[in-house]
Structure formats: C-alpha cells, structure tokens
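Below is one structure, written out as structure tokens; the observations come after it.
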Amino acid sequence: MAEKRFYITTPIYYVNGTPHVGSAYTTIAADVTARFERLRGREVFFLTGTDENATKVYEAAQEQGVAPEAYLEQLIPVWKEAWRDLHIGYDDFIRTTEPRHVEAVQEFFRRLQESGDIYLGQYEGWYCVACETFWRESDVTDGLCPNDWCRRPVRKMTEETYFFRLSKYQDAILRWIEAKPDRLLPDFRRNEVVAFIKQGLRDQSISRPGEEWGIPVPGAENQVVYVWFDALINYLTAAGWPNDAETFQNTWPADIHFMAKDIFVRFHCTLWPAMLMAAGLPLPCRLIGHGFWTAEGRKISKSLGNAIAPGDLARMLSDASGCEPDVAADAIRYYLLREVPFGQDADFSFDGLKLRFNTDLANDIGNLCNRTFSLIHRLFGGKVPALPGGDSPVRDALKRAAETMAQEMEEQRYSNALQALSDAIKEVNKHLNDRAPWNLHKEGKTDEAAGVIAESLESVRAFTILYSPFLPVAAERIWAQIGAAEPLSAQTWDRAAAWEGLPAGAELPQPTPVFPRIEAPKGQKAAGKAPGAGKDASKPNKKASVPAPSEESGKPTVSQTEPSAESKDESNFISIDDFAKVQLRTARVLAAERVEGTTKLLRLDVEMGEEDRTVLAGIAESYAPEELVGKTVIVVANLEPKKMRGVVSQGMLLAASGPDGPVLVAPEKAVDSGSEVR
RNA sequence: GGCGGAGUAGCUCAGUUGGUCAGAGCAUACGGUUCAUACCCGUAGUGUCGCGAGUUCGAGUCUCGCCUCCGCUACCA
C-alpha cells in the first residue's frame, strides 16, 4: 500500500475572463506548499480546477449566443495558460462538467438520500396572494392572512426542493473544530466559524427546480443540484471517489484546502464538513482562509481597470527590471507571499512589488550570488574552492534558517518563512564583509580566502534549494551558475542545509544576474505608474490581454474565489442606469406598531397607490407609532423582501441620518400615494 | 446594537506569563568598504507605545471608561 499522498486543493474557480492578482493568490500559495512538500520528500497531489455549473455560466453563454460548453471551451485554456505563466504545477485540473464529477455528485446525492440526510422538502408555507407574502406554518393559525388589514384566505404553497440535513451536524462540527484548533486557520477566522455555527444551522436547500444548466438531481431530472453542493464534491471526485477505491484510499482526506475568506465560514467550514460526516467520509486535515487583495488601495475590479492579469504584471516587471518574464513571474509569487502574513488582507502596489524586487531579490539574494561568483572568477580562476568542514557562522545561519522556515511552513506562514531566509542572507553578506576574502587573498592567505568564499557559495546552494518552492524558475537560473553536478530537481530539503558543498574544481560559467536591479529614472523615485491606478487604465493592455469572450462590458469581475461569491464594483460613482434600477415611490402610512421584542423596529402598513405593503423600519427610537399614521413617506419599492423577526418587509423607508437618529424624508407638497420619485 | 480584533518611529509592523520593551524592515542622514547589481557593512535618529484614570515598587504589557478603524453579526431593508 502506497503512502498517502499529501493532498492540496484550491477552490475551483468560477470562470470568467482571466485570473487576476487576487485570484492567483490562493493558487500560488497552494503551489508553493506543494513544491515545499515535494522538496521534503512527500508525494503530493495538487488539485485546482473550475466551477462550471453555475447559472451565471449559462447566462454568460446565452448572452454571447453560444452553447455553455462552447463558452467554457474558450475560457479554460486562458486559465490554464495563466497558471502556466505563474509556474503553477498542479497535478490535476478538474472541471465540474466532466463526467467523472457529474457521476460523483449524483452518487453522493444518492447516498445521502438513502441515509436520510437528504430529504425532499415540501417547501411548505402559506402564501397570501394579496400581500404577495409567504407565511410560515406557525404564522398562520386560522387559514387567514396574518396581516390585520388583510385577513384574506391564504393559499398553501408547496415547492419541492431537496434539503440537506445540515442542522443535524451542528454539534459534531463544533466538536471537530474544538478537538484540534489548528485545523482551521487563521485563528481569528476560526472564531468566526464557531460563532456562525453556534447561532444555529438550518437545513440547506440543495436543489433548484427548473434550471437549464447544472447537474441533474438523480431521480428528479427537473431539478439540478445546488451549485455549492456540487462544487465542494470536486475535492472527492479528483481523489478518485467513488469508483477508484485505491486512489481514494491514499489521497483522501485533503491535507490542506486553500481558499479566500469569503468562502471559508459557510461553505468550507460548515457545509463541507457536514456533507462529509453525512457521507461517512474523513474530514480534511486543514482549511485555511486567506485575506483579500486590493490593488493600489482599491477593490480589484475589471471596470476600474485594475484587474490586471498576472501575465501582464510579469511583463511589466520584466520591462522595468530587464529580468526574464519567467523570473518576473516568480517575483510576483514572492511578493504576494512575502508582503503580508497569510490570512490578512493586503494591498497590492506596483511600487511595493518593485521595492521587494530590489531589496529582497536583487540586493540581497542576487547580489550575494553575484559577488560570490565574481570572487571565484577573480581570485580562483572560476574554479569552485573546496568547502572547509567544521563550525562556521554561515553554517549555523543556514541551519537556523532552514529550521525556522520549516516551522513556519507547517502553518502556512509564508511571510515569516521568507523572512527567515532574508535574515540568513544578511548574515552571510555580513560574514563576507567581515572576513573580506579579497583582502585575505591579497595578504597571501589564499586558503583562508578560498574557505570563506566556498562557504558563501555553499550558502547560495542552500538558499537556492530553500527558495525554490517560491521561486522555481529563478532558482533554476541560479542553480545553473553554481557548478552543481546534479540538477536542482534532484535536490531534497534535507540536503539544503547539510553543508555538503559543491564539487571542488568545478568550472563556473560567467555570472549572469538573475534579478537585475530596477533603476529609478534620474531625478525621481518610484518609477512607473501603478497598474490601473491612473486614467490611462481605461485602456487595458490590449495585446497582452486574452480575448475575453464576454467583451469589455463593465460587468463585475470574478471575485477572488468562487463559486457564486458576489463581487460588486466599488467605484464611487454609479451610472444613471444603476440608479434607474431603484424604484422610489411615495406611500401613505395606514398603521404602525412596534415589532414585539425589538427596540428599534417598527412595522408600518402603507398604501402605495393601489397596493398595500408592509415595511419594517428601524426608527422606533425616534418615532412613536402613532405619530406616523397618515404621514406620507418615500419607499424603496423594488427592494428584495426581507424577513426580520418573522415579518417580511417589502421595502424600505428613506430617512436622513440626523444627529439624534433617523429623520424621515417626505415630499415637500402633498402628492398621491404611489407617486414615482425620481 | 452585540461579539471579536486593532490603534507602537515617516511607512509596514514585532513586542511572550508586567520590570534593558521602547524594537525590526523599508525610507532618511552620515561613515566604512570596494569582491559585488550605486551593492554590502556600520552608526544615527525622531516615537508622551490612541486618550483618560486606576492597580503596582514598576505597565505598550493588567483593570475601568472614552475615541477611532476593521471583521463578523443583528431588530441596519
């Protein structure tokens, strides 16, 4: 029986356009971890993929007048290419429209149906046609509408959807979390999960009737499986479930699920564990929810022009520095993981990227390499000097760096891991300064000089291995310059700080800086404008951007992780069209009363032209119910109904925020109720 | 409104169970060096450690109050 593989996942992404910096973050972190674990000798199974069963996919395809399948075929290569640009070495790329996944989802569904954890819910409720209001069973006692002013007979509504018995697993999930707190990282987000679950979980509707696109519910072909239920199962599908028992055995459970914070609490830390428990499958070992990236202080959004594709970013950096594009892509990997602790929100800035590039990569690593190589050429004819044994500050520094790095990587603290390497590099640079082998050589202490330089070179060998999960291509470039007999790919973690040296006498090539420093233009610091920050951003880099099927409409871009997470444009302006969506109308208050058990909430029954409505407003601390009756107010008429304290609010009152609470807004002269407000 | 987190050098932040804790990196200034990608090394700073009070021999470090920001959440629709 093979040893269990170290199983790493990213979420499956909702496909639309290209991944941007934010979307790439999760995948890069997962890739670094995969490479790190491989380096440590583990067999790794690294999965990413795409979420394709969302209704949005269908709609986007419709809009283009193509079949969803064709629409997806256009886009998938774009994503794969983006991952290739960022040196993402996934082992499997799952698409949720693949037969293997459809099969798995349906099988999963069937099993839970059999065990009783999926049931067909008569989505039972009462409905008042007059009020267009759904009422719960408990609201209706006598077959009449609970609204006092209505009291008309209500109709029984039953819509059949399937439910997952999520509520049943509430306590079990909490126990699972508390048993081993480091399963959910970071800790402050784990606390949110606990708080969320403790509020109480309700059974989850997991099917949708009448959808055109999605995985059909087995035995009920008129319904499709709720996209989240479908999406999460991808982690099982790719692990071979349910047919390939052997693969599944040595793959599942996942060792780390990576994701952004928006899909951490409800889906990955609540729904998913419950689903697995219901299916009798082991739960993942770790889930980690990282923060969001903004770009130059603004939310990443295509319509703001700052949703830059990582490939474009690499080209920009490459142009600024003169490094090869693949090295630039590595630098982006480095920057993203180095800049902030994993888990926290962060702001991407091109200046920040360049600063990191110069300080950490060019000045520290790059310069250490370069000065070491050129010393060997200058003093020893380009031949590798022998590494002395025995104690050495360099040796100690390497050992400490490797140990710290390993510890930090255990809990995905990439920033700290990289920090440890930076510190060690500085130590080696200092050691070189202190021992000044160029002087030793001048003084005739050739052996001593050789020893110091050999140590320095040995550190480069070690650092190259240690950095390689973060900088896979750059590490190759450096490796090619140190005179190693074996390829970098043959190296292991243990050998990095083993002080094993390089073959003495080996001939080194002429050194080539891997990270050419970015020189600021004369007279000014901080070159280049931030990407997408300026006005020019409205003209995206045409040549570089991939032909996005959906045109350059101002549609919201993909959020950092999907599926189905919303992402709205956050510019300060909305278009007139946006505003036109809001229907404001006048209404006359017929009756008002406090909502029982609340301090702020008032229930208003208003007449809006022909129609009567119930509207809740949080103004009870500023207005007595009596004083409102007969007043004319302005109502947002097309706000989606919202239920609070068992009452459905069918709109919202406009009120100014006064110093002592809300102040209702009213027409300046009398107008009919139901009048449009523009 | 509730719960949680955060407010520390120009910037980003570290600061364990209260007593060299007033720090690091970047940025700045000066000096050293020259093997090196104007790089590296060293030195120097500035800070009322959000505000106010309290406990203590002694508090960024504990208690109470207040202010500001952020996250989650709610009777914000």
Side-chain angles (χ1 to χ4, degrees), chain A residues 186-196 198-199 261 264-266 291-292 321-323 338-341 344-347 349 351-352 355-380 415-416 419 422-423 425-442 449 452-453 456 511-520 525-526 594-604 614-621 635-655 657 662:
Chain A
D187 56 353
F188 59 89
R189 256 189 262 289
R190 172 176 67 242
N191 296 337
E192 290 177 13
V193 174
V194 171
F196 173 74
K198 281 186 173 164
Q199 277 184 190
K261 63 183 182 180
F264 188 69
V265 176
R266 282 155 204 262
F292 280 161
S321 134
C323 67
R338 174 65 242 264
E339 196 67 1
V340 291
Q344 294 193 359
D345 288 349
D347 182 53
S349 83
D351 285 342
L355 188 63
R356 278 290 171 206
F357 185 91
N358 271 357
T359 56
D360 293 10
L361 301 179
N363 291 353
D364 287 349
I365 305 176
N367 189 49
L368 175 64
C369 293
N370 203 49
R371 67 196 303 206
T372 302
F373 300 153
S374 61
L375 276 170
I376 292 173
H377 274 97
R378 183 177 295 255
L379 270 37
F380 299 101
S415 184
N416 289 356
Q419 169 92 58
S422 270
D423 290 347
I425 297 241
K426 284 179 198 302
E427 286 189 64
V428 177
N429 265 326
K430 180 167 157 47
H431 182 253
L432 210 48
N433 263 48
D434 293 347
R435 299 298 307 279
W438 47 94
N439 288 338
L440 293 173
H441 189 265
K442 228 181 285 178
V452 173
I453 294 170
S456 179
T512 315
V514 173
F515 304 109
R517 189 167 214 283
I518 301 166
E519 303 296 347
K525 228 82 215 164
R594 301 187 85 98
V595 176
E596 212 161 318
T598 71
T599 58
K600 297 206 305 196
L601 212 54
L602 234 43
R603 176 172 119 181
L604 306 177
T614 299
V615 174
L616 296 179
I619 55 172
E621 285 168 330
V635 173
V636 180
N638 61 337
L639 197 61
E640 73 179 338
K642 163 92 174 179
K643 185 165 59 184
M644 285 177 288
R645 307 297 294 192
V647 182
V648 176
S649 177
Q650 303 163 301
M652 165 177 162
L653 298 195
L654 294 194
S657 299

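Within every chain, numbering begins at 1; the chains are lettered A, B, ... in the order of the sequence lines, protein sequences first and strands thereafter. The structure presented is a predicted model; accordingly, all values stated were derived computationally and were not measured.
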What nucleic acid atoms does A/Phe515 come within less than 4.0 Å of, heavy atoms only: base, sugar-phosphate, or nothing?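 It contacts base atoms.
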
Look at all strands and tell whether A/Leu355 reaches a base, only sugar-phosphate, or nothing, counting heavy atoms closer than 4.0 Å.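 Counting heavy atoms under 4.0 Å across all strands, the contact made by A/Leu355 is with sugar-phosphate only.
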
Give, for atom [atom1] of [X] and atom [atom2] of [Y], the distance between the pair rounded to the nearest 0.5 Å.
X	Y	atom1	atom2	value
A/Leu368	A/Phe373	CG	CZ	8.5 Å
A/Asn363	A/Asn370	CG	CG	11.5 Å
A/Leu375	A/Ile453	CG	CD1	4.5 Å
A/Ser321	A/Asn358	OG	CG	8.0 Å

Among B/rC26, B/rA36, B/rU37, the one nearest A/Thr359 by side-chain distance: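 Nearest listed nucleotide: B/rC26.
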
If you only use heavy atoms from C-beta on, which nucleotide in B/rA36, B/rU37, B/rU34 is closest to the side chain of A/Arg517?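 Per side-chain heavy atoms of A/Arg517, the pick is B/rU37.
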
Quote, to the nearest angstrom, the [atom1] distance that separates [N] from [M].
N	M	atom1	result
B/rC62	B/rG1	P	25 Å
B/rC51	B/rC11	C1'	23 Å
B/rU16	B/rC57	C1'	23 Å
B/rA59	B/rU20	C1'	15 Å
B/rC66	B/rG2	P	10 Å
B/rG65	B/rG58	C1'	23 Å
B/rG42	B/rG54	C1'	45 Å
B/rG50	B/rC35	C1'	49 Å

Would you say A/Asn363 reaches B/rC40's phosphate, i.e. side-chain N/O to OP1/OP2 under 4.0 Å?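 True: A/Asn363 side-chain N/O within range (under 4.0 Å) of B/rC40 OP1/OP2.
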
Show the atom names and distances, to 0.1 Å, of all donor-acceptor pairs under 3.5 Å that link a side chain in residues 431-442 of chain A to residues at least two apart or in another chain.
| residue | atom | partner | partner atom | Å |
| --- | --- | --- | --- | --- |
| A/Asn433 | OD1 | A/Arg371 | NH2 | 2.9 |
| A/Asp434 | OD2 | A/Lys430 | NZ | 3.4 |
| A/Arg435 | NH2 | A/Glu448 | OE2 | 3.0 |

What do the steps show when you test A/Leu602 against A/Arg594 for side chain to side chain contact (heavy atoms under 4.5 Å, CB included), and what is the final call? CA-CA 5 Å; A/Leu602 234 43; A/Arg594 301 187 85 98; 4.0 Å; yes

Runs of at least three consecutive Watson-Crick or G-U pairs, both distances under 3.5 Å, are what I'm after; which ones involve RNA chain B?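 For RNA chain B the paired stretches long enough to count as stems (3 pairs minimum) are B:1-7 with B:67-73, B:10-13 with B:23-26, B:28-32 with B:40-44, B:50-54 with B:62-66.
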
Partners meeting side-chain hydrogen bond (donor to acceptor under 3.5 Å, both in side chains) with A/Glu427 (sequence neighbours left out):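 In terms of side-chain hydrogen bond (donor to acceptor under 3.5 Å, both in side chains), with neighbours along the sequence ignored, A/Glu427 is linked to A/Arg400.
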
Output all residues satisfying side-chain hydrogen bond (donor to acceptor under 3.5 Å, both in side chains) with A/Asn638, sequence neighbours left out; order by chain, then residue number.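 For A/Asn638, no residue satisfies side-chain hydrogen bond (donor to acceptor under 3.5 Å, both in side chains) once neighbours in sequence are set aside.
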
Quick one: classify the glycosidic conformation of B/rG60 as syn or anti, with syn meaning within 90° of 0.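 Syn for B/rG60; the angle stays within 90° of 0.
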
Exercise: identify the closest heavy-atom pair between A/Ser415 and A/Arg338: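 Result for this residue pair: OG-O, 2.9 Å.
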
Taking all non-hydrogen atoms of both residues, which atom of A/Phe515 and which atom of A/Leu361 are closest, and how far apart?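 Answer, listing the atom of A/Phe515 first, then A/Leu361: CD1-O, 3.4 Å.
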
Both A/Phe188 and A/Asp360 contact RNA chain B. Taking the nearest nucleotide for each, which residue is further toward the 5' end?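 On the 5' side of the pair lies A/Phe188.
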
A/Leu601 or A/Leu379: which one's nearest nucleotide on RNA chain B is closer to the 5' end?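 Per heavy-atom nearest nucleotide, the more 5' residue is A/Leu379.
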
Check nucleotides 69-73 of chain B for protein N or O atoms closer than 3.5 Å to its own N or O atoms and list the pairs.
| residue | atom | partner | partner atom | Å |
| --- | --- | --- | --- | --- |
| B/rG71 | O2' | A/Glu192 | OE2 | 2.8 |
| B/rU73 | OP1 | A/Arg266 | NH2 | 2.5 |
| B/rU73 | O2' | A/Gln199 | OE1 | 3.4 |

Length of the CG-C1' vector between A/Leu440 and B/rU34, whole Å: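 Atom-to-atom, A/Leu440 to B/rU34, this comes out as 15 Å.
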
Positions of residues 425-433 of chain A (non-hydrogen atom under 4.0 Å from RNA chain B), listed by number: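 Under 4.0 Å from RNA chain B: A/Lys426, A/Asn429, A/Lys430, A/Asn433.
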
